[in-house]
*Asks:* 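Mind having a look at this structure? Questions to follow.
By convention in this document, chain letters (A, B, ...) are assigned in the order of the sequence lines, proteins followed by strands, and residues within each chain are numbered from 1. All values below were derived from every heavy atom in this structure, side-chain atoms included, with hydrogens, water molecules and symmetry-related copies excluded.
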Amino acid sequence: MYNGLKITISFLSLICFFSMPVLAESVYQTRVKVIQASKGPAHVDTGIQDVVSEIRPVFKYTRFKVLKEKSMSLSKGRDGRLHLPGNRTLVIVPEGMKGNRIQYHIRIDAKGKPVFQTGVMLRNNSSVTIGGPRASKGVLLLNIRGSAH
Amino acid sequence: MTPCNTYTEEFISRFVDNEVSSLQHADFVSHMALCQSCTSKEARFRQMAPTFEAHVAAQTLMIKTTLPPISPVKNPTTRPKGRVHKLASLGTAALIFAVALLPWTDDPGLDQIPEPSAIVNSVDTYGSSVMIIETANTQHTIIWFSET
């Protein structure tokens with residue numbers, strides 16, 4: 001009786017241990033913040049201070065405004081899309097896990113044609129910023145955060 | 001039948017058990033042709049041998065059946081109570097579960113070497129220039145490209 005209980009608990013523990021990566025890959029919570037960066041009187045919208053603190057020392061922009069924010073629950077290989085200003089589209093596809101990093105394929109289409117694409121391995125619960133697309137006043141910053149659950 | 005003292009009973013017993021040399025064996029066989037006493041003793045020992053072997057086998061079997069089977073020692077007085085063991089097992093399971101969760105936490109303290117937030121495997125800007133930056137404080141990765 002006792003040995004049976006011990007074996008059962010050990011077996012269930014091992015199942016939990018080895019199934020963690022599989023469970024973690026099942027859903028990729030992906031959050032995109034579209035920020036417009038421009039010159040002018042200093043201003044930072046709430047919620048992006050942490051991102052701006054990384055950007056500001058590197059680039060000359062002083063005003064940061066959130067244009068759009070979207071959270072997507074994506075499964076492996078399933079793309080998430082977000083319309084951007086200037087007839088652009090952001091396409092994000094999680095491609096699985098490698099260690100503690102999420103592999104993403106990220107593409108920006110402008111007028112139906114790709115103008116930028118990259119493959120990144122994003123640390124779980126971290127973000128990457130893609131900048132450069134021109135907006136009406138300044139440039140766009142795309143802050144992409146990924147969490148595997 | 002005249003008693004014979006040429007060969008001892010011990011020698012005859014060893015002869016029956018084939019424990020004598022070939023020369024002694026040949027001599028005793030020649031002797032038996034002439035000595036009825038030794039022949040009789042040899043026959044008696046030869047009859048005793050299977051009886052003795054059967055007796056030994058019976059005794060061995062009796063020892064095996066009468067002795068209790070060998071099993072791991074279980075002393076109920078020294079064994080911890082079932083509840084304690086159950087809690088210990090649950091604790092072990094919880095420990096394994098906690099270890100399983102460790103790789104999925106993003107505690108910077110676990111990373112001895114600072115790593116960028118994103119490792120860029122490939123980038124294609126279709127002719128535009130591109131710049132990849134890692135910030136000093138938090139190793140935040142920035143990919144910057146200039147649209148043409």
*Asks:* Please look at B:Ile142 and chain A and tell me whether the side chain, the backbone, both or neither of the residue comes under 4.5 angstrom of a heavy atom of that chain.
*Replies:*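 Answer is both: backbone and side chain atoms of B:Ile142 are under 4.5 Å from chain A.
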*Asks:* So that I can tick it off, tell me whether A:Arg31 and A:Glu69 are bridged by a salt bridge, with the cut-off set at under 4.0 angstrom between side-chain N and carboxylate O.
*Replies:*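 Salt bridge: yes.
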*Asks:* Please flag which part of A:Ile106 lies under 4.5 Å from any non-hydrogen atom of chain B: side chain, backbone, both or neither.
*Replies:* neither
*Asks:* At a heavy-atom separation under 4.5 Å, does A:Tyr104 approach chain B through its side chain, its backbone, both, or neither?
*Replies:* neither
*Asks:* Among B:Ser122, B:Pro116, B:Ala118, which has the most heavy-atom pairs under 4.5 Å with chain A?
*Replies:* B:Ser122
*Asks:* Side-chain heavy atoms under 4.5 Å apart, restricted to Ile/Leu/Val/Met/Phe/Trp/Tyr: what other residues fall into the cluster of B:Phe45, or is it alone?
*Replies:* B:Tyr7, B:Phe11, B:Ile12, B:Phe15, B:Val16, B:Val20, B:Phe28, B:Val29, B:Met32, B:Met48
*Asks:* Run the numbers on A:Tyr28 and A:His149 for side-chain contact (heavy atoms from CB on, under 4.5 Å), then give the verdict.
*Replies:* CA-CA 6 Å; A:Tyr28 301 92; A:His149 296 289; over 6 Å; no
*Asks:* Counting only heavy atoms closer than 4.5 Å, note whether A:Arg145 contacts chain B via side chain, backbone, both or neither.
*Replies:*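 For A:Arg145, neither part sits under 4.5 Å from chain B.
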*Asks:* Give me the contact list for residues 32-57 of chain A versus chain B, heavy atoms only, anything under 4.5 Å, ordered by residue number.
*Replies:*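 Contacts with chain B: A:Glu54, A:Ile55.
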*Asks:* Could you tell me which portion of A:Val58 (side chain, backbone, both or neither) has an atom closer than 4.5 angstrom to a non-hydrogen atom of chain B?
*Replies:*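 Interface part for A:Val58: side chain.
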*Asks:* How far does SG of B:Cys4 sit from NE2 of B:His31, to the nearest 0.5 angstrom?
*Replies:*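 Answer for the SG-NE2 pair, B:Cys4 versus B:His31, is 3.5 Å.
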*Asks:* Is a side-chain donor-acceptor pair under 3.5 Å present for B:Glu134 with B:Thr141?
*Replies:*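 B:Thr141 vs B:Glu134: no donor-acceptor pair found between side chains.
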*Asks:* Under the side chain to side chain contact (heavy atoms under 4.5 Å, CB included) test, which residues partner B:Ser22, sequence neighbours left out?
*Replies:* none
*Asks:* Looking at B:Arg44 and B:Glu9, does any basic side-chain N land under 4.0 Å from a carboxylate oxygen?
*Replies:*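 The answer is yes: the pair qualifies as a salt bridge.
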*Asks:* Show every donor-acceptor pair shorter than 3.5 Å between a side-chain atom in residues 107-117 of chain A and any protein atom, with sequence neighbours excluded, or say none if there are none.
*Replies:*
| residue | atom | partner | partner atom | Å |
| --- | --- | --- | --- | --- |
| A:Arg107 | NE | A:Asp109 | OD1 | 2.9 |
| A:Arg107 | NE | A:Asp109 | OD2 | 3.4 |
| A:Arg107 | NH2 | A:Asp109 | OD2 | 3.0 |
| A:Gln117 | OE1 | A:His105 | NE2 | 3.0 |
| A:Gln117 | NE2 | B:Tyr126 | OH | 2.7 |

*Asks:* Atom OG of B:Ser117 and atom NE2 of B:His140: how far apart are they, to the nearest 0.5 Å?
*Replies:*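 Result: 5.5 Å between the selected atoms.
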